[in-house]
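Below is one structure, written out as structure tokens; comments come after it.
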Amino acid sequence: MNATYTTTSRPHARHAALLSRAALLDIPASADPSPGTGAARVHTVQWLSRYGVFRAGGAVAEYDALRFDLLAGLFYPRTTGAELDVGNDLIGWYFVFDDQFDGELGCRPEAVARMVRDVIRVTEEPDDAPGQGGGPLLESFRDLWRRIHAGRPPVWRERFRHHWLEYLHSYHREALDRTGVQGPPLSVEAVLALRRHSIGVQPCLDLNERFGGYALPAALHGGHPLARMREATDDVVVFTNDIASLDKELAAGDLHNTVIVRHQCHGGTLEDAIEHIAGLANARYRWFEQTADRLPRLLAEAGAGTDLRRDVDHYVDGMRDVMCGNLGWSLRTARYDERGIAAVSDGRQRPWAGLSAPGSG
């Protein structure tokens with residue numbers, strides 16, 4: 001892997017605009033990833049290459065410039081080795097899968113539904129079932145799915161699968177939106193409800209339990225206030241992502257962006273819409289931190305033991321790492337600068353697009 005990633009003291013105009021927009025956010029941008037990030041970077045490129053994901057010339061260099069390994073390292077700054085490799089593989093697979101839908105396939109709901117069903121079938125296979133092929137996407141996902149679940153208790157496996165299926169099904173709903181068959185234009189609230197699933201944050205949060213060697217009780221995980229804190233984490237990542245990816249999605253013509261929807265529904269300037277969405281992100285983050293401050297007292301009053309309180313503290317740190325890490329990565333990846341915009345302009349797709357599972361044709 002020879003590609004390198006550099007920064008410059010004189011950023012391009014779009015990067016300068018991104019920095020200006022990010023200044024509207026009262027959210028710290030993580031800067032210090034896991035010390036294992038470099039090794040995970042090499043591992044995931046080799047892993048995806050082994051399954052034939054990078055078939056076109058220059059694909060590895062284009063993928064590497066996006067620095068998904070940095071995102072994983074910021075999400076999981078205290079995780080290294082094989083565990084970080086798993087987190088980086090999940091994030092890498094997620095983005096490769098997501099890029100399948102930037103073109104014509106993303107406007108074909110029936111084809112998207114068939115493709116999603118193929119991936120879901122992998123989650124239903126017994127752990128010891130022999131590999132059944134299916135092309136680069138399914139073969140790599142089958143390997144990843146089994147590694148993620150190895151040794152985990154049923155309560156965690158069920159939770160992770162539930163969150164993963166919500167993520168997968170969101171692609172079909174987005175495809176329906178693109179065809180216009182769903183009715184009137186989306187509202188910010190409607191697109192946010194969908195993006196909470198399509199952003200893929202919940203499976204990433206689940207990995208904090210896996211890496212920490214614990215599984216929170218289902219009643220605590222789904223109860224107040226932890227469930228709302230997870231939702232706030234979703235919202236902060238959606239809003240900051242939509243601000244960072246705005247120019248890319250305008251170039252690609254994708255409507256699933258809260259800034260774009262706010263602008264379309266309420267008028268004004270695009271900067272007005274950005275400021276509004278940044279305000280929503282700030283409010284969600286403030287609420288999260290205020291609730292995190294109260295959480296130890298609430299747990300103590302509920303009679304939670306020392307071990308459980310420690311595990312919840314770790315999980316809350318994980319939610320914070322995801323929010324702040326997403327922003328830190330967004331300011332340093334090529335996905336949202338001139339290169340990222342050019343990659344999806346004028347109908348162009350990423351070189352790893354077109355890996356659709358057999359049932360999607």
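The figures here come from the full heavy-atom set of this structure, side chains too, leaving out hydrogens, waters and symmetry mates. Not measured: the values here are computed from a predicted model.
Checking side-chain atoms of Ser49 against main-chain N and O of Val45 turns up a donor-acceptor pair under 3.5 Å. The backbone N or O of Val237 lies less than 3.5 Å from a partner atom in the side chain of Thr240, making a donor-acceptor pair. In this structure, the side chain of Arg262 does not engage the main chain of Val188 through any donor-acceptor pair within 3.5 Å. Judged purely by atom type and a 3.5 angstrom limit, Gln100 uses its side chain to pair as donor or acceptor with the backbone of Val96. A donor-acceptor pair under 3.5 Å links the side-chain atoms of Asp337 to the main chain of Gly340, judged by distance alone. Side-chain atoms of Asn282 come within 3.5 Å of backbone N or O of Ala278 as a donor-acceptor pair.
In this structure, SG on Cys107 lies 11.0 Å from CG on Leu176, to the nearest 0.5 angstrom. Distance check: Leu207 CG to Thr79 OG1 gives 9.0 Å after rounding to the nearest 0.5 Å. Taken to the nearest 0.5 Å, the CZ atom of Phe68 stands 6.0 Å off from the OG1 atom of Thr333. Taken from CZ in Phe160 to CG in Leu205, the straight-line distance is 11.0 Å, to the nearest 0.5 Å. Interatomic distance, CD1 of Ile260 versus CG of Leu270, reported as 8.0 Å (0.5 Å rounding). Note that OG1 of Thr291 and CG of Leu298 are 8.5 Å apart. Values are rounded to the nearest 0.5 Å.
For an aromatic pair to be called close, the ring centres must be under 6.0 Å apart, and Tyr94 with Tyr167 satisfies this. Here Phe95 and Trp329 bring their ring centres to under 6.0 angstrom of each other.
Neither side chain, Asp143 nor Ser140, offers a donor N or O lying under 3.5 Å from an acceptor on the other. Residues His43 and Asn88 have side chains that never bring a donor and an acceptor to within less than 3.5 angstrom of each other. When only modelled atom types and interatomic distance are considered, His221 and Arg230 share a side-chain donor-acceptor pair under 3.5 Å.
Using a cut-off of 4.0 Å between Lys/Arg side-chain N and Asp/Glu carboxylate O, Asp127 and Arg157 are scored as salt-bridged. Salt bridge Arg284/Glu231: absent, no basic N to carboxylate O contact under 4.0 Å. Salt-bridge annotation for Glu62 and Arg339: absent, with no side-chain N of the basic residue lying under 4.0 Å from a carboxylate O of the acidic one. In this structure, Arg196 does not pair ionically with Glu166, as no charged nitrogen and carboxylate oxygen lie closer than 4.0 Å. Using a 4.0 Å cut-off between a side-chain N of Lys or Arg and a carboxylate O of Asp or Glu, Lys248 and Asp254 do not qualify as a salt bridge. The residues Asp317 and Arg320 are annotated as salt-bridged, a charged nitrogen and a carboxylate oxygen being separated by less than 4.0 angstrom. A salt bridge links Glu174 to Arg178: at least one charged side-chain nitrogen sits closer than 4.0 Å to a carboxylate oxygen. Using a cutoff of 4.0 Å between basic side-chain nitrogens and carboxylate oxygens, Asp307 and Arg309 are not scored as salt-bridged. A salt bridge links Asp99 with Arg335: at least one charged nitrogen is closer than 4.0 Å to a carboxylate oxygen. Ion pairing between Arg21 and Asp247 holds under the 4.0 Å rule for side-chain N and carboxylate O.
Atom CG of Asp293 has more than 12 heavy atoms from other residues, nucleotides or ligands within 6.0 Å. Heavy atoms of other residues, nucleotides or ligands lying less than 6.0 angstrom from CG of Asp32 number 12 at most.
Between Arg195 and Ser198 the shortest side-chain heavy-atom distance falls below 4.5 Å. When side chains are defined from C-beta on, His162 does not count as touching Asp206, because their heavy atoms never get closer than 4.5 Å. Residues Val53 and Trp47 are not in side-chain contact: their nearest non-hydrogen atoms beyond the backbone lie 4.5 Å or more apart. For the pair Met115 and Phe101, the minimum side-chain heavy-atom distance is below 4.5 Å. Using a 4.5 Å heavy-atom threshold, the side chains of Phe288 and Asp235 count as separate. Between Asp321 and Tyr76, the closest side-chain pair of non-hydrogen atoms is not below 4.5 Å.
Under a hydrophobic-cluster definition in which Ile, Leu, Val, Met, Phe, Trp and Tyr are linked whenever side-chain heavy atoms come within less than 4.5 Å, directly or via other members, Ile341 and Ile274 are assigned to different clusters. When the side chains of ILVMFWY residues are joined at heavy-atom separations under 4.5 Å, either directly or via intervening members, Trp145 and Val155 end up in two distinct hydrophobic clusters. Residues Ile277 and Trp287 share a single hydrophobic cluster, defined by chaining ILVMFWY side chains whose heavy atoms lie under 4.5 Å apart.
Cation-pi geometry between Arg147 and Trp93 is not satisfied (NZ or CZ under 6.0 Å from the ring centre, within 45° of the ring normal).
With respect to Arg159, the side-chain contact (heavy atoms from CB on, under 4.5 Å) criterion is satisfied by exactly one of Gln202, Arg152, Glu209: Glu209. Residue Thr258 is tested with Ile243, Val238, Leu246, Asn241 for a side-chain contact (heavy atoms from CB on, under 4.5 Å); the sole match is Val238.
The minimum heavy-atom distance between Ile27 and Cys324, with the atom names listed, is CG2-SG, 4.2 Å.
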